[in-house]
Structure formats: C-alpha cells, structure tokens
Amino acid sequence: MSLKIATWNINSVRLRKPIVLRYLKSHGPDVLCLQETKCRDSEFPSSDLRAAGYQYLAINGQKGYHGVAIASRMPLADIDKHEFCNMGDARHISAKVIAGQREITVHNFYVPAGGDIADRELNPKFGHKLDFLDEMAEWMTAEKLAHRPSVLVGDLNIAPLEHDVWSHKALLKVVSHTPIEVERLKKVFEAGPWVDALRTKIPEDEKLYTWWSYRSADWESANKGRRLDHVWLSADLKSALADLDILKDARGWERPSDHVPVMISLND
DNA sequence: ATGGTTGCTTGGCAA
C-alpha cells in the first residue's frame, strides 16, 4: 500500500470547498495539507471533510489571512503549531501520521509572500520573509528531523531553480526568485535531512510550475508559472518515493486557486 | 515599464 500526501494552497478553503472535495474524490490523497485557508478554526469546513472520509483534522487558522490545515484518512498524533517571528500568524502545523506500522511526521508551511519590492529597507514584508526563513533554519536544526521519517510540504513562496520560473532572467529581481531569497531557502533546506522530492523525479532542466498568477488573461497559453509549492522528504524516505502528481488541470477548474495540488506517493 | 485578478470584506490591503 502506498501513502499519498498532497499539498495545496487553496486561497480560501470556504470558497474552494467544492474543488477540495472534487480533488479528494478524484485523486484520493491519504493526507491533504492546505495553506491560505483564510478562516477561523470554527469556520473551517470540518464536517464536509469528515463526511468525505478525512476524519482526522489538524487546523491552525486565523480570521481572513494565512491559515494551514492537515486533513487525513489516517490518525494524526502529536499535533503541533510553531509560531515564527512572534507575529501571531498561522503559518505552520505539524502532525504525525499513523499509517499502519508506519509513522511519518508531516510539516505544513505557509512562508510569507514578501510583498513587491525585494529590499528589506523599503519593504518590511520582504524583511519578514527573510527573518521567517532564518528562523525556520534555526528551528530545523533544533527539531532534529533526521531522527524520524519526515515530510515538509507547503507554499514556500520561493522558486529556487532556474527552471522553476518561466524566465530566470526576467524574474531575477522579482520577489520569489531573487538570489537573496533562494540563498535563504537553501540554508533552510540544508539545515534538515532533506531531498527535493519533485526534482528527484523531474530533471532540473525541465520547466516545472505549481502556480500561475490570476493577473493574466490566459494563464494556460501564456504559461508564466512558478514552482512555489514544495515537497521535501527526509533522506530515509527517498527510496520510498514512487510517484508524483502535479495537477495542472486544477488551475482550469471552476473558481480555481492560483496554486495547484501537488501529491507524492510513498511505497512501504 | 506598467498593470493585470482575486479574496476578505465594503475600503483597501494582501497576494
């Protein structure tokens, strides 16, 4: 039996409830990690998800902004929320998935977008993004994630590689692909036991996107995407990675998110 | 170079 773990920045879980349920039905992830749920825990569509077979929920929401959640068919234990940058933002939740004999810790992140200007003096939101990443690297070291099978997923709001964006040259100064952010993210990655799951299956010289802006009349033909959503596996899980599914079709669904679901399958 | 769209809410941020 394989274990399927998906991540999706949903940009309002209440508005997107129909397509979340559609995705669960059509693709059947065992675990779905959501970002940008944009609602309080009491407003989260818990009963709909439970009715769809996802009985185990871990929710870290807040009114109007951010918010992350894990919906699982398998029991969740050790649910934890870490607050970064002491700002009260709901940007992380983790849980241990009990999948039969296997136990895998899943960390679900929503990294700050960072505003429009790639300069922390002119734009505090960019500073916050860099500080968040620095704190994430420190936290990573302290967590000692190498000691147990772990998966880190989420909207990291950075497209690190040249072919994670439609034009490396055009985006070098655009927040999400600047060298300073890429460098910070690399430090986070290297602070843990990680393998970049998507890039182990899809070569680095191949274009790969998980997000297409709303601000484009025809996202599909323009295809100016970015890989902002990531799945990192602790090295011990690398050999278990059987399959990937980046559901580009979901960008064309009715009332879509600007991100698409990304799913991995792990063999025993 | 600029503006383009969407969501949470109804004015203006945030993404």
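Remember, it's a predicted structure, so these values are computed and weren't measured experimentally. Each chain gets a letter, A, B and so on, in the order the sequences are listed, and its residues count up from 1.
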(request) Compute the centroid of each ring, for F109(A) and then for W139(A), and state whether the two points are separated by less than 6.0 Å. (result) yes
(request) Could you list who else is in L122(A)'s hydrophobic cluster, with ILVMFWY side chains joined at under 4.5 Å, directly or through other members? (result) I117(A)
(request) Considering just the side-chain nitrogens and oxygens of R14(A), establish if one lies under 4.0 Å of OP1 or OP2 belonging to dG7(B). (result) no
(request) Output every pair passing salt bridge (charged side-chain N to carboxylate O under 4.0 Å, His left out) with a member in residues 160-173 of chain A, not counting sequence neighbours, ordered by first then second residue. (result) D164(A)-R199(A), D164(A)-R227(A)
(request) Using the P atoms only, state how far dA1(B) lies from dA14(B), rounded to an integer number of Å. (result) 27 Å
(request) Rounded to whole angstrom, note down the C1' distance from dT10(B) over to dT6(B). (result) 15 Å
Listed pairs under 3.5 Å, donor-acceptor, residues 97-104 of chain A side chains, sequence neighbours left out:
residue : atom : partner : partner atom : Å
R102(A) : NH1  : N267(A) : O            : 2.8
R102(A) : NH2  : D268(A) : OD1          : 3.4
E103(A) : OE1  : K96(A)  : NZ           : 3.3

(request) Using side chain to side chain donor-acceptor pair (under 3.5 Å) as the criterion, list what pairs up with R73(A), not counting sequence neighbours. (result) none
Please enumerate all protein N or O atoms sitting under 3.5 Å from an N or O of nucleotides 13-15 of chain B, with distances to 0.1 Å.
residue : atom : partner : partner atom : Å
dA14(B) : OP2  : K125(A) : NZ           : 3.2
dA15(B) : N7   : R215(A) : NH2          : 3.4
dA15(B) : N6   : R215(A) : NH2          : 2.6
dA15(B) : N1   : R215(A) : NH2          : 3.0

(request) Scan S216(A) against the nucleic acid and name what it touches under 4.0 Å (heavy atoms): base, sugar-phosphate only, or nothing. (result) nothing
(message) My understanding is that only residues two or more places apart in sequence, or in another chain, count here; which of them pass salt bridge (charged side-chain N to carboxylate O under 4.0 Å, His left out) with D131(A)?
(response) R120(A)
(request) Measure the distance from CG on L15(A) to P on dT5(B) and round it to the nearest whole Å. (result) 18 Å
